[in-house]
Number of protein chains: 4
Amino acid sequence: MPKTIKKVGVLTSGGDSPGMNAAIRSVVRTCAYHNIECIGIYRGYQGMIEGDFKEMGPRSVNNIVNKGGTILKSARSLEFKTSEGRKKAHENLTKAGIDALVVIGGDGTFTGGLLFNTEFNFPVMGIPGTIDNDIFGTSHTLGYDTALNTVVDVIDKIRDTASSHNRLFFVEVMGRDAGHIALNAGIGAGAEEILIPEENLGLDRLLESLQKSKASGKSSSIVVIAEGDKIGKNVFELKDYVEANLPEYDVRVSVLGHMQRGGSPSCFDRVLASRLGVKAVESLLEGKSNYMVGLQNDKVALTPLEQAIKGKTMIDRELLRVSDIMST
Amino acid sequence: MPKTIKKVGVLTSGGDSPGMNAAIRSVVRTCAYHNIECIGIYRGYQGMIEGDFKEMGPRSVNNIVNKGGTILKSARSLEFKTSEGRKKAHENLTKAGIDALVVIGGDGTFTGGLLFNTEFNFPVMGIPGTIDNDIFGTSHTLGYDTALNTVVDVIDKIRDTASSHNRLFFVEVMGRDAGHIALNAGIGAGAEEILIPEENLGLDRLLESLQKSKASGKSSSIVVIAEGDKIGKNVFELKDYVEANLPEYDVRVSVLGHMQRGGSPSCFDRVLASRLGVKAVESLLEGKSNYMVGLQNDKVALTPLEQAIKGKTMIDRELLRVSDIMST
Amino acid sequence: MPKTIKKVGVLTSGGDSPGMNAAIRSVVRTCAYHNIECIGIYRGYQGMIEGDFKEMGPRSVNNIVNKGGTILKSARSLEFKTSEGRKKAHENLTKAGIDALVVIGGDGTFTGGLLFNTEFNFPVMGIPGTIDNDIFGTSHTLGYDTALNTVVDVIDKIRDTASSHNRLFFVEVMGRDAGHIALNAGIGAGAEEILIPEENLGLDRLLESLQKSKASGKSSSIVVIAEGDKIGKNVFELKDYVEANLPEYDVRVSVLGHMQRGGSPSCFDRVLASRLGVKAVESLLEGKSNYMVGLQNDKVALTPLEQAIKGKTMIDRELLRVSDIMST
Amino acid sequence: MPKTIKKVGVLTSGGDSPGMNAAIRSVVRTCAYHNIECIGIYRGYQGMIEGDFKEMGPRSVNNIVNKGGTILKSARSLEFKTSEGRKKAHENLTKAGIDALVVIGGDGTFTGGLLFNTEFNFPVMGIPGTIDNDIFGTSHTLGYDTALNTVVDVIDKIRDTASSHNRLFFVEVMGRDAGHIALNAGIGAGAEEILIPEENLGLDRLLESLQKSKASGKSSSIVVIAEGDKIGKNVFELKDYVEANLPEYDVRVSVLGHMQRGGSPSCFDRVLASRLGVKAVESLLEGKSNYMVGLQNDKVALTPLEQAIKGKTMIDRELLRVSDIMST
């Protein structure tokens, strides 16, 4: 029979994403709603090791639902990868009377949480927070929808100048291993071509597509490229390659970078964060552990952390086809 | 065996919503992709009656994926409600060689399309375009996600001034029959209480909730109210009622109105529009008719128009609970 | 010879406006830069009476430069209008060792500050913070530029739907006594006609202008109306009047309200706030008092508080002409 | 006595900037208001050479006041630098009956216009359109205010992630020869340090400032760097240098690039564009030529094109001091 949970610790770890604050707020208020205590742990697992804790009540999280970043800060912790570090962390939790953890982050965060659970039999629930949307067991990670809006908003601006000058722009977006941002934002921004890690379309196809675009009378083109695309050239090499092969094109490069991680979360991300925070705390109270809360078919659902880590989210191949048709 | 489709007409009808242009673009380009012609019909069914048509090729829809409103304009047509009007419309379509229709709009639009199909055996596909998200057979209508972002963005601004003055704000949002906008934007904006058409919480509960909020140390509160809420008072009467009963509150009212229908569509709405446009045209080409294309469990799916019209989308009652917990 | 200033109090009072937080930050950091102390006074003059003070160092104002509202809160104080209230306030300042005040707000705020100075010979500097831009001695008040951007952004959205339906919209914006917002945002948003408190164009001219607009082939029109326009009808009466006289028009009304006071300040307002805060504190350190810091010909300049209160800013009549020409 | 102007040509040239469309609209409508014709010339001087002209009436510029880019397109023309090219251009203007030109752009655009005037005694007026604000004779160029808002908006997002991770960000903004964007957006975004072309603060000062910032307890820092800063290292070399000398810092780089040129213009830029367009056309009608219309002390004013080209706008050194104080 599970121990009654009286005090929940919450932390954010790994790369931050919009919606993390809304998730923290949800965890804190759900605890208050159920009359249990909540402790904020600063700087992820590193703060757990250093005992960097703070009591949080419902008023501690006023006015953060719409703020980007994470008020609990995030950090990567090398020490937590050592058995000694985790032991120290466990001692701090015990000393503080914390019974259970909600960890908000990505794969690395969940791996740490799972290991911690295995070693100390400590209840852990995960909330997927990353803009990359590359976590198995949820159709949407926190921050992904916001990042898409940020990217299309920026590409809309770039298109103004691209259209005015009949230029070709290569826009690099985040996504080392996953093309979700590139594919969706590319369709949303009306990209001519989209290069993603999951699919190597090849350089020939890119050249062909750009030639066809020119011939069809388009005055400007945007190519959206994920960081981890498989074309074998970085975005600046690709520019040189295209300019060498299609001298009619004057290519400009824009690397969007970290702005994609910030900003006020979209309504979708705020609502999702609120739902996931409620489910995470209430699942702990029901005695569950080692699950990630996520969204499946528009409903909140649990996935074992182990599956969430090992599984792979696939891009929707229908979207590749839609992208093709849209660039007609 | 279905007649081969060679020319598709597309129109927007009823209240406009962000994403309609992206859907028009998708219909036009999907036609081009399949080497069939596409005709834009202006001002909805009224333009059909008046023969207000324009040929559209892939370049006619350049740079509209990110524009609010509808380049084909919208109108309500009394004449189309008469048998004579529809006959005239049918003659115009025949004269122009149009074989099939894609109609973008809400319930009224689909009702007109269905009637037209019944009378003339004319292939019709519907795309749900309305910010209210009140159409059966799709988890999201075009423009709904954008409207949610518009609303939370505005309420974020209102909260700045509410917090600075320790005030209570009543914010009225669209939704005569459906509380989707109020409920989701209310959670997203951190509303204290949310009043929707689907549920009469009663005035006592509202007063109680506001008293509790004051007691809990909150410095300001936002109540989000759908146009069609069931509390039996309009938003200004409600203000008077609350001020009479809770003299500690200085209530301000903000009616958001038509701004909710406009603006550049969110990435979600642009991608959804692109997907639905492809599916609508390709379904016609497969000989299908009388369906609405929509999103179900993140996949594009067909619903018979008749069901789309008669069915009722329910609010997710889980969200009512989340809202309650969040206002702790 | 002026007493050396060692501790400055800062407060915000009256209606809040975007840029107030940036001004507070500037006052606090300029004090720190000159090694003097700074005390935040909550809720304006009311907090002065209640002794609601807080020491502020440069880190107290981290991450507020971009936040709407005011972290010091604002309030209207009836008690401060009494001699007794002001005496209490003065005692609190003395007790706390505060030597000088920076007051951020509008006319009412400055009137209070001036009175306080007269009675207690207490050094006071004013910073103009109001969205209405109706303060003499500065070309721009804090928040005005942001409010203009908010208004045009909203009217852009309304125009989407106005254009789609060939409708006429009446948009009411803030400005009881001053037409700056209506006039500039009206030009910025491409309004057909603009009604302001400074000028009664008369109803005939409005009807004429709308008829001309229809005749010229415009598909939609926006009329921007300041709260305090002199046309003698409120916005809803005006709608009825126009519909009665121009039945070809279907008029919709949108009252923008308090959202205009909130939101993240524009770059202009942030820079202006930073400049004015520096000047306010350094002027106090130079022994000056009873001035408002403002912008004149793009330079920071001082205006005696008395003049700032009594003077009247005029609208730029060139803009009326520009508006006329633009609606051709 | 000047020839009566009956037909005005308008073009945009050089890098595009937000507000150019609003200026085109203003030129077109001012012509219509005065009952003279207006011809749009596509792709700047190159279109003049190629005779790429289009008649424009007041309805040709509907709904563009809020659009970024330029509907007339822009291009750089090598041919116009030859006497032969200019002769061809002049012949085209003559053939089309164009009497006078309004050219919208920067230094290069004005140089072309002045040369053309000298050779053919052709009336020319310039409107300053560039985001860099580096044109003598106007306090603001079209697009500058919008670019500032774009930059602070993006840096606000970057700060979210910088704060969450206690990181240092180097953000490169536009400005090869002018630090206006860097200086104002840097203050607006709360940058720790700002590097501009006009001033070489030296690497030592940068290191010192960053050390002081760390010591003062700041959790994150942003350094804003103009493209043309004089520190002698590009932004990536600078990162390496700082990381080598201040190992406590983990530096990230973000190069904002072309997004700064796009986007819907701010209200300020729309109003400015409207005013300048009116003045440009009406000055031509008064027989003036070879002037740039600009803003001086908030009033529209003329500057001889020659001075506009040769003069140099200085940064406001007060802002350097404000920046210093703000980073306390």
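We name chains A, B, ... by the order of the sequence lines, and we start the count at 1 in each one. The shown structure was predicted, so the numbers you read here are calculated from the model rather than taken from an experiment. Side chains included, hydrogens not; waters and symmetry mates left out as well; all remaining heavy atoms used.
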With chain D, the option among A:G44, A:G257, A:S163 that has the most non-hydrogen atom pairs under 4.5 Å is A:S163

Looking only at A:P18, A:G69, A:A75, most heavy-atom pairs under 4.5 Å shared with chain D are made by A:G69

**Item:** Residues A:S74, D:H165; criterion side chain to side chain contact (heavy atoms under 4.5 Å, CB included); working and verdict
**Value:** CA-CA 5 Å; A:S74 184; D:H165 288 277; 3.7 Å; yes

side-chain contact (heavy atoms from CB on, under 4.5 Å) with A:M259: of D:D156, D:D153, D:V154, only one passes, and it is D:V154

Rounded to the nearest 0.5 Å, how far does [atom2] of [Y] lie from [atom1] of [X]?
X	Y	atom1	atom2	result
A:K157	D:S264	NZ	OG	8.0 Å
D:D250	A:R76	CG	CZ	9.5 Å
A:S164	D:M20	OG	CE	8.0 Å
A:R261	D:D160	CZ	CG	12.5 Å

At a 4.5 Å cut-off on heavy atoms, which part of [X] comes close to chain D: side chain, backbone, both, or neither?
X	result
A:I71	neither
A:T12	neither
A:S254	side chain

Okay, D:L256 and chain A: the region with an atom under 4.5 Å from a heavy atom over there is both

Under 4.5 Å to a heavy atom of chain A? For D:S17 that would be neither

Most contact-rich option vs chain A, by heavy-atom pairs under 4.5 angstrom, among D:T150, D:T161, D:I158, D:I155, is D:T161

Margin query: I'd like to check A:R167 versus D:H258 (side-chain heavy atoms, cut-off strictly below 4.5 Å). Are they in contact?
Written below: yes

